**Q** 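Quick one: structure below, then a few questions.
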Amino acid sequence: MIERQILGEYSLKIDGFDTSKLAERICHECKVISIYRRDDTLFLTVYGKSFRKVNELVRQENAVMEIICRRGIIFILRKYFRRYGILAGVILIAAAVFLLSNFAMKIEVNGASDEVIRREILGILSEEGLKPGCFIPSQDFLQLSNTVFSRVGGVSWASIGHSGSVVTVNVSMVSPKSDSNSNRIPCSIVASRDAVVKNASVRVGKLEVLLGDAVSKGQLLVSGIIESLDGTVRYYSSNADIIGQYEQSAEFFQPFSEGVTEYGEKLLRHGFKFFDLEIPLPGDVLRNGAVYSENITEKPVKLFNLTMPFSIVTHEFTEANRTKKNLTEGEARFMLYKKLDNYEKNILKNEKIISRDIAEVITDDGVGLSASYILEGPIGETREIFIK
């Protein structure tokens with residue numbers, strides 16, 4: 001039955017002078033499904049592969065054959081054999097399936113919450129040959145997993161696999177030590193610098209200094225060793241905020257001549273991106289020897305408000321020329337005080353400025369500045385207690 005469905009069958013009507021003899025030859029030389037005579041007309045059904053032989057026997061007996069009907073999958077497919085558009089479509093689909101199954105289009109990293117670590121992993125894999133566009137069967141995933149594990153700090157386990165054209169890198173990061181555990185370690189608080197104690201808020205521990213005391217770096221401020229009235233010694237993890245007043249200085253210099261970057265013409269290059277694989281398109285030619293800053297924008301292609309797995313990437317290159325700029329004394333002083341302002345807003349943002357003394361020095365090369373501060377800020381740092 002399956003053979004009849006796939007290879008097909010013919011229902012035939014044959015007229016001739018002696019159809020009985022022809023019927024005998026057909027039954028003897030061909031595979032017949034059914035056959036019968038009505039008067040001098042012969043009706044039979046044969047398999048598709050026997051049709052040529054039946055046709056040859058009919059010609060030898062000078063009979064006339066009429067095809068009543070044909071049935072089977074082969075006759076349905078035969079209608080499309082000469083439609084080259086369909087054939088080309090089938091070939092393209094087969095090529096796309098092969099491409100999507102054997103070439104990497106996207107590399108995903110799971111388990112690395114830090115973007116810096118994720119980029120480091122992708123960079124190492126790219127050096128080893130695993131990147132968008134590579135031939136997947138040629139990659140040794142086990143060896144690549146060991147490479148990621150050995151070269152990326154903080155990775156405790158790594159595995160690599162793929163589903164179609166998407167390669168997935170699964171990593172497990174080393175869990176940081178719990179702060180609650182470290183807080184239970186017995187410790188005292190000592191001075192991190194020379195200062196005068198201005199304020200103290202002790203939550204755990206015993207304060208060993210008085211407000212207004214001058215302390216030196218490393219001096220004990222809050223003790224984690226407390227002796228009870230019965231003579232029992234207990235060890236605690238000290239917790240306190242100690243505010244001190246101290247001196248600090250900083251120096252800055254602004255030369256009269258410095259390098260600046262001047263930006264020139266902008267050039268554009270486009271690319272077609274399929275998953276993570278980018279195919280460059282014709283665009284502007286970059287000048288040899290020139291230095292460019294690059295800005296990349298990506299616009300995904302949407303169809304019926306659905307985001308497709310491909311996009312158009314635009315690379316904008318701006319020529320950056322490094323030149324020297326000569327400054328006047330006023331311009332140099334302005335930039336110098338701008339550096340001072342940035343220092344106070346960023347470096348001293350957690351400290352209170354009590355006073356500031358500034359001294360300027362002008363030389364042949366530029367303008368210098370020395371700033372002396374009296375500051376108030378945290379001066380305590382923990383130090384573990386080692387018990388014998």
Side-chain angles (χ1 to χ4, degrees), residues 94-187 192 237 269-281 291-301 306-317 346 381-387:
V97 171
F98 175 80
L99 184 69
L100 294 176
S101 300
N102 293 280
F103 288 87
M105 298 295 175
K106 187 177 182 66
I107 313 293
E108 292 183 346
V109 179
N110 297 326
S113 57
D114 191 340
E115 181 65 20
V116 175
I117 295 179
R118 193 186 74 86
R119 291 181 179 178
E120 182 182 359
I121 292 173
L122 292 176
I124 291 174
L125 293 177
S126 179
E127 292 175 4
E128 298 295 327
L130 180 58
K131 54 187 175 181
C134 71
F135 189 56
I136 293 178
S138 66
Q139 304 297 320
D140 187 345
F141 286 162
L142 180 60
Q143 180 62 36
L144 291 172
S145 300
N146 293 333
T147 300
V148 172
F149 173 74
S150 61
R151 293 181 58 183
V152 180
V155 173
S156 61
W157 171 83
S159 70
I160 303 176
H162 79 99
S163 176
S165 61
V166 179
V167 177
T168 304
V169 183
N170 296 304
V171 297
S172 178
M173 307 303 295
V174 177
S175 299
K177 294 182 179 179
S178 174
D179 292 338
S180 60
N181 292 334
S182 61
N183 288 340
R184 289 196 293 267
I185 298 175
C187 63
S192 60
S237 177
R269 281 187 173 182
H270 301 283
F272 179 79
K273 193 172 184 180
F274 185 61
F275 288 101
D276 284 345
L277 177 62
E278 183 176 340
I279 302 173
L281 300 176
V291 178
Y292 295 90
S293 62
E294 182 180 6
N295 181 41
I296 302 176
T297 57
E298 184 174 339
K299 185 177 182 180
V301 177
L306 296 176
T307 302
M308 299 290 101
F310 42 84
S311 57
I312 301 299
V313 181
T314 301
H315 298 262
E316 183 181 81
F317 296 92
N346 294 284
E381 63 180 12
T382 60
R383 178 173 294 176
E384 294 182 9
I385 299 174
F386 296 97
I387 306 171

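Quick caveat, the model's predicted, so the values are computed rather than measured.
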**Q** What orientation do Phe317 and Tyr292 show, parallel under 30°, tilted 30 to 60°, or perpendicular over 60°?
**A**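 Ring orientation of Phe317 relative to Tyr292: perpendicular.
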**Q** Counting C-beta onward and ignoring hydrogens, is there a side-chain heavy-atom pair between Val152 and Val171 closer than 4.5 Å?
**A** no
**Q** Check whether any side-chain heavy atom of Leu142 lies under 4.5 Å from a side-chain heavy atom of Leu144, and answer yes or no.
**A**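 A side-chain contact under 4.5 Å is absent here.
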**Q** So Phe149 and Trp157, do their side chains get closer than 4.5 Å, heavy atoms only?
**A** no
**Q** Once rounded to the nearest 0.5 Å, what's the spacing between atom OG of Ser159 and atom CG of Asn146?
**A**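 Those atoms lie 11.0 Å apart.
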**Q** For His315, check side-chain hydrogen bond (donor to acceptor under 3.5 Å, both in side chains) against everything at least two apart and list the hits.
**A**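 Applying side-chain hydrogen bond (donor to acceptor under 3.5 Å, both in side chains) to His315 gives Glu278, Glu294.
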**Q** Would you check if there is a donor-acceptor pair between the side chains of Glu128 and Thr147 at a distance under 3.5 Å?
**A**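 Glu128 and Thr147 do not have a side-chain donor-acceptor pair below 3.5 Å.
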**Q** If every non-hydrogen atom of Pro132 is compared with every non-hydrogen atom of Leu277, which pair is closest and at what distance?
**A** O-CD1, 3.5 Å
**Q** In the structure I gave you, are the side-chain heavy atoms of Ser237 and Cys187 within less than 4.5 Å of one another anywhere?
**A**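 They are in contact (side-chain heavy atoms under 4.5 Å apart), so the answer is yes.
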**Q** Quick one: does Ser165's side chain have a donor or acceptor within less than 3.5 Å of a partner on Met105's backbone?
**A**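 Not a single qualifying donor-acceptor pair exists.
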**Q** When you look at Thr297 and Glu316, which way does the side chain to side chain contact (heavy atoms under 4.5 Å, CB included) test go after all the steps?
**A** CA-CA 8 Å; Thr297 57; Glu316 183 181 81; over 6 Å; no
**Q** Mind checking the CD1-CD spacing from Ile160 to Glu108? Nearest 0.5 Å is all I need.
**A**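 Rounded to the nearest 0.5 Å, the CD1-CD separation comes to 13.0 Å.
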**Q** Would you call Ile136 and Phe141 a side-chain contact if the rule is heavy atoms closer than 4.5 Å?
**A** yes
**Q** I want to check something: taking the side chain as every heavy atom from C-beta on, are Thr168 and Ser163 in contact at a cut-off of under 4.5 Å?
**A**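 Side-chain contact under 4.5 Å: no.
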**Q** Quickly, which of Arg269, Lys299, Glu298 forms a side chain to side chain contact (heavy atoms under 4.5 Å, CB included) with Val313? Name it, please.
**A** Glu298
**Q** After noting the C-alpha distance and the side-chain angles of Val148 and Leu125, does the key distance pass the side chain to side chain contact (heavy atoms under 4.5 Å, CB included) rule?
**A** CA-CA 8 Å; Val148 172; Leu125 293 177; 3.7 Å; yes
**Q** Are the side chains of Ile117 and Met173 in touch, meaning some heavy atoms are under 4.5 Å apart?
**A**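 Yes, at least one pair of side-chain atoms sits under 4.5 Å.
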**Q** Find out whether Val167 and Ile107 are in side-chain contact, i.e. whether some heavy atom of one side chain is under 4.5 Å from a heavy atom of the other.
**A** yes
**Q** Residues in side-chain hydrogen bond (donor to acceptor under 3.5 Å, both in side chains) with Arg118, at least two apart?
**A**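 Arg118: side-chain hydrogen bond (donor to acceptor under 3.5 Å, both in side chains) contacts with Glu115.
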**Q** Would a distance-only check, ignoring hydrogens and angles, find a side-chain to backbone donor-acceptor pair under 3.5 Å from Ser126 to Leu122?
**A**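 No, because the side chain of Ser126 does not come within donor-acceptor range (under 3.5 Å) of the backbone of Leu122.
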**Q** How long is the span from the CD atom in Glu384 to the CD1 atom in Ile185, to the nearest 0.5 Å?
**A** 5.0 Å
**Q** Quick one: closest heavy-atom pair of Ala158 and Ser145, and the distance?
**A** O-CB, 3.6 Å
